[in-house]
Amino acid sequence: MLNPKAALFFLSVLPQFVDGGGSGSVTSQILLLGVLDVLIGILYWPWVVVVAAKLRGLLARPVFRRRWERTTGVLFIGTGAGVAAS
């Protein structure tokens, strides 16, 4: 309710996975999908935090940070060139 983007996402995506004429009510199906989303988030986001914390330690090293910036810069330029070429 506090994030309108999430609400718009659910309104646009969830109906594709709800069986209107099949088993169970539409409300229970949407509730189940919402609960599954929350549970997956509870399992997923702690791992993202752990990886980010480790990357933070690596990015504090000047040599690694310089290599990281060069690598990501080349990837962004390559992606942009690929998009421009298409």
Side-chain angles (χ1 to χ4, degrees):
M1 293 181 59
L2 297 176
N3 188 353
K5 291 182 286 185
L8 288 173
F9 174 77
F10 278 109
L11 286 174
S12 65
V13 172
L14 277 183
Q16 299 173 36
F17 298 100
V18 174
D19 184 16
S23 61
S25 71
V26 172
T27 305
S28 64
Q29 292 177 49
I30 290 177
L31 182 63
L32 175 65
L33 290 172
V35 168
L36 283 174
D37 179 63
V38 170
L39 290 175
I40 290 170
I42 288 171
L43 295 173
Y44 172 75
W45 284 109
W47 291 103
V48 171
V49 170
V50 168
V51 169
K54 290 186 185 222
L55 277 177
R56 183 177 182 219
L58 284 173
L59 287 172
R61 301 178 190 169
V63 172
F64 184 84
R65 185 179 187 120
R66 194 168 34 255
R67 288 181 185 163
W68 179 267
E69 289 177 355
R70 287 180 183 159
T71 302
T72 55
V74 167
L75 289 173
F76 283 138
I77 290 169
T79 303
V83 170
S86 66

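Atom set for the values below is all heavy atoms of this structure, side chains included, hydrogens, waters and symmetry mates excluded.
We find the CG-OG1 distance between Leu32 and Thr27 to be 12.5 Å, quoted to the nearest 0.5 Å.
A search for side-chain contact (heavy atoms from CB on, under 4.5 Å) contacts involving Val48 returns Tyr44, Trp45, not counting sequence neighbours. Applying the side-chain contact (heavy atoms from CB on, under 4.5 Å) rule to Val26 yields the partners Val18, Ile30; only residues at least two apart in sequence or on another chain are considered.
Identified under the salt bridge (charged side-chain N to carboxylate O under 4.0 Å, His left out) test for residues 31-54, with sequence neighbours left out: none. Sequence neighbours left out, the pairs with a member in residues 58-68 that pass side-chain hydrogen bond (donor to acceptor under 3.5 Å, both in side chains) are Arg65-Glu69. For residues 71-86, the set of pairs meeting the salt bridge (charged side-chain N to carboxylate O under 4.0 Å, His left out) definition, not counting sequence neighbours, is empty.
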Derivation of the side chain to side chain contact (heavy atoms under 4.5 Å, CB included) call for Leu39 and Leu43: CA-CA 6 Å; Leu39 290 175; Leu43 295 173; 5.6 Å; no

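Around CZ of Phe64, the count of heavy atoms belonging to other residues, nucleotides or ligands within 6.0 Å exceeds 12.
Grouped by direct or indirect side-chain proximity (heavy atoms under 4.5 Å, Ile/Leu/Val/Met/Phe/Trp/Tyr only), Leu75 sits alone. Residues Ile42 make up the rest of the hydrophobic cluster containing Val38, defined by ILVMFWY side-chain heavy atoms closer than 4.5 Å, directly or through other members.
What you find for Gly41 and Pro46 is that their closest heavy atoms are O-CD, 4.0 Å.
Both Phe17 and Phe9 are members of a single hydrophobic cluster when ILVMFWY side chains are connected at heavy-atom separations under 4.5 Å.
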